[in-house]
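Okay, so here's the structure we're looking at.
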Amino acid sequence: MIPYNFTFLSHPKICSGLKALEHIPFELESLNARKPLVITSNRWDKKGLSKTLIKALYDSNIIIGALFTNAPFYPSVTIINELSQLYRDRGCDSIIALGCGGVAYIAKAVNMVVSLKTDILQCADITITSPLKPMIIVPTADCQGGEMAAIAYYERFEKQSDFLYPDVIVIDSRITRHANSQEVANSALTALAHAIEACGIDAPNPINDAYAHTALQFIYQYLQRTIKRPSYKDGSVAIVNAAACADTAFSNAPQGIVHVLAQVIALDTNLQAGMVMGILLRYYLADKLHTKGGIRPELLLALAGIDTYAKTPEKERQKTAYEYLIQCIDTTREFVPATLKGLNIPRYKLKEYARLAATKNKQYKESAYMELLEKAWEGK
Amino acid sequence: MNALQYPEIKPKKKFIKRIYIAVMLWVVGRAIQAAAKVDKEVKEEFAKLKDNFLLKMWIWPNGPSMYVGKTKDGKVKYLGWKDKGYKPTLTMTIKSVEAAMLLFTFQEATAIATTRNRLVVDGDLPDACALVRILNIVEVYLLPKIIARLAVKRYPKWSQMNPLRKHFGRILVYVRAFTF
Amino acid sequence: MQEIIGTSNKVIEVDLSSQSYREIPIAEKDLELYLGGKGLGLKLFYDRVPAGIDPFSDENEFIVMTGVYVGTGAPCAGRFAAVTKSPLTGLMGTGSCGGPFGMALKTSGWDGLIVKGKAKSPTYLVISSKGVEFKDAKKFWGKDTQTVQKALEKEGSGALVIGQAGENKVLYANVCSGHRFLGRCGMGAVLGSKNLKAIVAKGNEFKILPKNPKKFDKARKKTLKFINRNQITSILYRQFGTNANVNLSNAGGILPVRNFTGGSHGEAHKISGEEMAERFDTKFSTCKPCAILCGHKGNINGEIRQIPEYETVGTFGSNLEIFDPVAISNFNELCTKYGLDTISTAVTIAWAMEATEKGLIKTDLKFGSPDNIEKTITDIAFRRGFGDDLANGTRKLSQKYGGADFAINVKGLEMAAYDPRGAWGQALSYAVANRGACHLSTASFAVEVYLNMHDPFSLKGKGSMIAFIEDVTCAINSMHICQFTAFAVELEPFVVKYTPTFLLNPMITYLNPIATKFMDVSLWPEMWSGITGKRMGMFKWIKAGRRIHVLERYMNTREGISRKDDTLPQRFLTEGRHCDPQQRTVPLDQLIDSYYKARGFDKNGIPKDRTLKRLKIEKK
C-alpha cells in the first residue's frame with residue numbers, strides 16, 4: 001500500500017549536464033533578476049571557475065553586481081554583514097553561490113539578511129513567510145550537506161524553512177570536476193547518509209523515496225570511477241546530482257542519528273562531516289539489519305536494478321541491500337577508515353559527543369547516541 | 001572589506017559565435033524557403049499550417065533571429081532577421097548563444113535540445129511538431145549524412161527518402177537558397 | 001652537603017591512588033637522545049602512557065623534569081620543564097617554568113618527578129632525598145596560591161601550588177612556582193583533577209657538580225659574557241623587563257589590539273616597559289641563577305607587586321584596549337592568586353567582549369573598559385555563572401555560541417600577544433606548534449620584526465627557518481635553560497654579530513637551509529657535555545632537538561592532529577590589520593607545504609616512517 005499521509009516540497013530547479021551554466025541568465029530573467037552578487041572562494045577563483053561562470057553569462061543582459069572571491073570556510077556574522085552591505089550598495093537583486101560548504105552557507109545567510117531586512121542573529125527567531133531573493137547555487141564536488149537543502153547554517157545556528165531552498169541548482173562538469181578524491185568521497189558519503197536516513201524514517205513517502213533512490217543510484221554507479229579520477233566529468237556531475245537529490249530527501253525527513261552525531265564530531269575535531277558519516281553509517285546499517293524492516297528492500301531495487309531485485313528471494317533482499325550499501329561505503333576505504341579509532345578520535349570524548357548530540361536533537365536518547373558511537377569506535 | 005576590490009562586471013559578447021549563428025540562421029531560413037518549393041513533403045507540411053503562419057527563431061535575449069512565414073498567396077518566404085512589426089505565431093527561443101552553438105554545430109538534435117530545456121517553444125504544439133519535421137528534412141538536404149545523423153532524431157531510410165530525391169533535392173535547395 | 005656529579009639520573013614516581021612512591025632510573029641512552037628536561041619528560045610519557053586517555057583520568061601523568069643544567073650554576077638555569085596531557089587541547093601539554101621548584105627538586109637528589117593516579121582527598125606532597133610524604137591539604141583547599149606558598153615555605157625551599165582555578169578544573173588553570181608559573185595548557189587543572197594542591201621539594205640537600213668542570217666553566221663564562229654583551233639581554237630586558245617588547249611590537253605592527261583586529265595603537269607607550277620602570281620605580285625580582293634579570297617588581301598602588309610580563313600586558317592591555325598599567329596589574333594579581341593563565345584568560349575575555357558586541361552572547365564586558373573584568377576573572381576561577389563557560393576556553397565557547405572566526409586559538413590553546421599577520425614566520429609557527437598557538441615554539445617574531453633578520457612577508461625559507469628554530473628551542477627546553485639566552489648565544493658569535501643586517505637578512509631569507517648550518521649554537525651542547533661528561537656536538541644536539549619535536553608531533557597525531565588542525569583563526573586568513581594599508585593576511589597553505597617538506601612529514605602533516613626511523617623514534 002502506498003502511503004498517502006505526507007507532505008513533500010522540492011523547490012529547486014535542477015539544470016544539470018553539458019553547458020548547464022549557460023542556463024543561468026535565462027533562469028535569472030525568469031526570476032525577475034538581472035544583477036546577481038556572485039560569491040565564491042579563493043580556491044575556486046584560482047582554478048578559473050569564476051572566469052568560467054562569467055563567460056557563461058556573456059551575451060546576456062546580466063550585470064554581475066560584484067564577484068566576491070574571498071568567502072571563507074566559516075559563515076561568520078562579520079562576513080555575512082559585509083556581503084549584505086555590498087549587496088545593498090551595488091543594488092543587486094539576486095545571489096549566485098559558486099561552490100559548496102562555507103560559500104553556500106554564507107550565500108544563504110546573506111539572502112536571509114537582505115530579504116528579511118534584519119540582522120542575521122534576529123533571523124533565528126523569525127518565521128519566513130515569503131520567498132527570499134532569487135538564489136542560484138552552482139555546486140562544486142565538495143558538498144558538506146545542506147547547501148541544496150531547505151536549511152541554512154550560520155555561526156552555530158541552524159535554520160530550517162521551505163523558503164531556504166535555492167531557486168536553481170546548476171550542475172556543470174566544468175565546475176564539478178575540480179575537487180579532489182577526498183572531497184568527492186566526503187560528498188558521496190554525506191549524500192549516502194542523508195538518502196539512507198531519509199528512506200529509513202518511520203513514515204516514508206514515495207516521493208521522498210524517489211529522490212533518495214536516485215541519489216543512491218548515482219552514487220552506486222559512479223562513485224568508484226570518480227574517486228579514482230575526480231576530473232571524470234560524468235562522475236563528478238553524478239555525485240553532485242546525488243548530493244542535490246539527497247539534500248531534498250533530507251529536507252523532507254527528520255534529521256537522523258548519523259547526521260547529528262557527525263555534525264557534533266566534525267565541530268570538535270575539524271574533520272569533514274562526510275568522513276564521520278561514512279564511518280557511522282556502516283554501524284547504523286549493521287544495527288538496522290537486525291531490526292525487522294530496518295533496511296527497506298526497495299533500497300536493493302535502487303542500487304542493483306530490477307534484475308537483481310527480482311532474482312533475490314524476498315527474505316534475502318534486506319541483507320543483499322545491506323551488502324550493496326557496505327560495498328558502496330567500502331569504495332571510499334582509501335580515504336575514510338572503517339572506525340572512529342582509525343580517525344584517532346580518543347575514546348574518552350565519545351561520552352561528551354553523545355551528550356552534545358542529545359542536547360542538539362532530542363529525538364534520540366543519549367544512550368542511543370552512545371551505543372552507536374561505541375560500536376563505530378571499536379568496529380564491532 | 002575593501003569593496004573596491006570587487007567591482008561590477010559587465011560580461012562581454014561572443015562576437016564570432018554570434019556571427020556564425022547569424023549565418024546559420026540565414027542559411028536555414030533560405031533553405032526552408034527553398035525546400036518548400038522543391039520538396040513535396042515540406043510543401044504538404046506547410047499547406048497544413050494556417051495562412052498567417054509566421055515562425056520566429058531567435059537567440060535570447062538580443063538575437064540574432066530568423067523569420068520565416070507564409071505570404072498572402074500561400075508561398076513560404078524567408079523574411080529576414082529584422083523585426084518589421086511581425087506577429088509570429090510560433091516562436092522558438094534558444095536560451096543562450098552556447099545552446100544555439102550546440103544546435104548549429106549539430107552536437108545536439110533539435111528534439112534533444114528541447115528535452116534538455118535549451119529552447120522554449122511558444123505557440124501551437126501541432127505547428128511546432130510540423131516545424132520540427134520540416135527542419136529535419138531541411139537538415140537532411142543541407143548536410144552530409146555523417147553530420148545530419150547528429151542533427152536529426154531519425155535519419156530517413158531509403159524507403160522514406162530515396163537517394164535520387166535526396167541528392168537532386170539537395171542540388172536544388174542549395175541553388176535556390178544561395179541564388180534567388 | 002652531598003654531591004651529585006653530573007646528574008642523579010633518578011626520577012621519583014609518586015602514585016597518589018595508593019599513596020606510594022618508587023625510584024625510576026633513567027637510561028643513559030635516553031639521556032643522550034633526549035637530553036633531559038622537556039625531551040626526557042616526553043619520552044617518559046610516551047613510554048608509560050597510552051594514547052587516547054582522558055586528561056582528567058587517573059592514567060594521566062604529570063611529569064616534571066629539571067634537566068641537566070639546574071643546580072650547576074649555569075646562567076639562567078633555574079627553570080624546569082613539565083609534561084602532561086592537556087585538558088585544554090587534548091594534546092601533549094608542555095611547559096617551562098622558573099621559580100624555586102626546579103632547583104629545590106634537583107638539590108633534593110631527583111632529576112625529575114612523575115605524579116600519577118588520583119588522591120582520595122586533597123593532598124600535598126613533600127619530597128626529599130628520603131622519599132615522599134603524603135600530607136592532608138584540606139586546610140589549603142580553597143585557598144589562593146600565594147597564601148599556600150607562604151604557608152609551605154617552612155616545609156621546603158620550592159613548591160608547586162595550584163589555586164582555586166586548578167581545584168575547579170578551569171581548563172587553563174596554571175601551576176605556581178614562586179613568582180613564576182607553568183602557565184599554558186591547563187596543568188593546574190590536571191593537578192586539580194588529581195586532588196593535588198601542592199608539591200613541595202625540600203632542596204639544599206645536594207650540590208650538583210659537573211663531570212668536566214673545565215669544559216663546563218669555559219662554556220659557562222663565555223655564555224655569561226655573551227649575555228652581558230648582548231643588547232637585548234643586558235640592557236633592554238634587564239632594565240625594562242619583557243615589557244620592552246611593547247614598543248617594539250607596536251612599531252612592528254604586531255601588538256594585539258582589540259582582539260587582534262589591529263597591530264598597533266597610539267596609547268601603547270603607556271603600558272610599555274620603559275613607562276612602567278619609571279612610574280613604578282622597578283627593582284629586580286628574578287629566578288635564582290638568572291643572569292639576564294628580566295623579572296621586576298615595583299610599587300603599584302601602594303603595594304610591592306610583580307610587574308606583569310609582556311604577554312599579560314599585551315593580552316589584558318592593548319588586546320582589550322585598556323592602557324592603564326594599574327588595572328592590568330590588578331588583573332595580573334587576581335590571575336596569580338587564583339592560578340589562571342593570563343594569556344588564555346585575557347584572550348577568552350577578549351572573545352567575550354567581541355561576541356557581546358556582535359550579539360552572540362550577553363555580558364557586561366566592553367572593549368576599553370576595565371569594569372567587570374575582575375569579577376569575570378573571579379567567576380572563571382570559581383566556574384560561576386557565565387564564568388563556567390568562559391573557563392573552558394575560546395574553542396569550546398565558539399563551538400557552543402559561534403564566533404569561531406574571532407576565537408583566537410590554535411588547537412584550543414589561546415594565542416600569545418604577537419599578531420601573526422605582521423610576521424608570517426610567526427604565523428607558521430603558531431599554526432604548526434605542537435602545543436597550540438605557542439609563541440615560544442620559535443619566537444620567530446623576534447627574528448623577523450625586532451631584529452629584522454628575515455623578511456616577515458617573504459614566503460622563502462620560512463619552512464626551514466621555523467623547523468630549525470623549533471629544533472633549537474626544544475633542545476634549549478631540555479637543558480633546561482631560559483629561552484632568552486638564545487638572544488645572546490645565537491646573536492653574539494662572530495659571524496652573526498659582525499655581518500651587517502642588509503647581508504644577513506637576504507642570506508637567511510633566501511639561503512635558509514644553508515644559512516642555519518652557519519649558526520653557532522655550540523655553547524649549549526658544550527655546557528651539557530661538560531656536566532654529563534658525554535660527547536655532544538652541535539649538530540647532534542640540534543638533531544636531538546628535532547627528535548624531541550617530532551616525537552611530540554607524533555604523539556599528537558595519535559590524538560587526531562593532522563593538517564586540518566595546523567591552521568589559524570579565520571581572522572588572520574581573511575582580514576587585514578587596521579594599521580596595515582595593504583591589509584595583508586597570512587598565505588598559510590604555501591607556508592605549511594614548505595614546513596612539512598622541511599620536516600619530513602607527508603602532505604597530511606603526519607611524520608613519515610622514514611623520518612621517525614632516522615630520528616630513532618619507535619612507533620607505538
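Lettering of chains follows the sequences in order, A, B, ..., and the numbering in each one begins at 1.
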Discussion item. Can you confirm whether A:Lys117 is buried at NZ, in the sense that more than 12 heavy atoms of other residues, nucleotides or ligands lie under 6.0 Å from that atom?
Written reply: no
Worksheet item: Is it the backbone or the side chain of A:Leu271 that comes under 4.5 Å from a heavy atom of chain C, or both, or neither?
Response: both
Worksheet entry | Selection from C:Gly359, C:Ala404, C:Ser562 maximising heavy-atom pairs under 4.5 Å formed with chain A | C:Ala404
Discussion item. Given 3.5 Å as the limit, does a donor-acceptor pair link the side chain of C:Gln570 with the main chain of A:Tyr74, or not?
Written reply: yes
Worksheet item: What pair of heavy atoms forms the shortest contact from A:Asn344 to C:Thr557, and how long is it?
Response: ND2-O, 2.8 Å
Worksheet item: Can you tell me how far OG1 of C:Thr574 sits from CZ of A:Phe73, rounded to the nearest 0.5 angstrom?
Response: 13.5 Å
Practice prompt. Quick one: closest heavy-atom pair of C:Glu559 and A:Pro346, and the distance?
Written response: OE1-CG, 4.0 Å
Worksheet, complete the sentence: When the 4.5 angstrom heavy-atom criterion is applied to A:Leu267 and chain C, the contacting part is both
Worksheet item: Which distance, rounded to the nearest 0.5 Å, do you find between the CZ of C:Arg571 and the OG1 of A:Thr78?
Response: 6.5 Å
Item to complete: Select all residues of residues 49-57 of chain C having any heavy atom within less than 4.5 Å of some heavy atom of chain A, and report them by number, or 'none'.
Response: C:Gly52, C:Ile53, C:Asp54, C:Pro55
Worksheet entry | Any donor-acceptor N/O pair, A:Glu155 side chain to C:Gly403 backbone, under 3.5 Å | yes
Item to complete: Work out which heavy atom in C:Arg395 is nearest to a heavy atom in A:Asp268; give both atom names and the distance.
Response: NH1-O, 4.5 Å
Worksheet item: When you look at NZ of A:Lys360, are more than 12 heavy atoms from neighbouring residues, nucleotides or ligands closer to it than 6.0 Å?
Response: yes
Practice prompt. Find the distance between OH (A:Tyr348) and NZ (C:Lys85) and round it off to the nearest 0.5 Å.
Written response: 4.0 Å
Worksheet entry | Most contacts with chain C, counted as non-hydrogen pairs under 4.5 angstrom, among A:Asn42, A:Asn70, A:Leu121 | A:Leu121
Discussion item. Heavy-atom count check: over 12 atoms from other residues, nucleotides or ligands less than 6.0 Å from A:Glu158 CD?
Written reply: yes
Item to complete: Give a yes or no on whether A:Lys159 atom NZ has more than 12 heavy-atom contacts from other residues, nucleotides or ligands under 6.0 Å away.
Response: yes
Item to complete: Using non-hydrogen atoms and a 4.5 Å limit, figure out which bit of A:Phe157 sits close to chain C: side chain, backbone, both or neither.
Response: side chain
Worksheet entry | Value rounded to 0.5 Å, distance of NZ in C:Lys411 from CG in A:Asn270 | 10.0 Å
Worksheet item: Could you give the distance from CD1 (A:Ile79) to CG (C:Asp405), rounded to the nearest 0.5 Å?
Response: 9.0 Å
Discussion item. Taking A:Thr269's backbone N and O only, do any of them form a donor-acceptor pair with C:Lys564's side chain (distance below 3.5 Å, no angle check)?
Written reply: yes
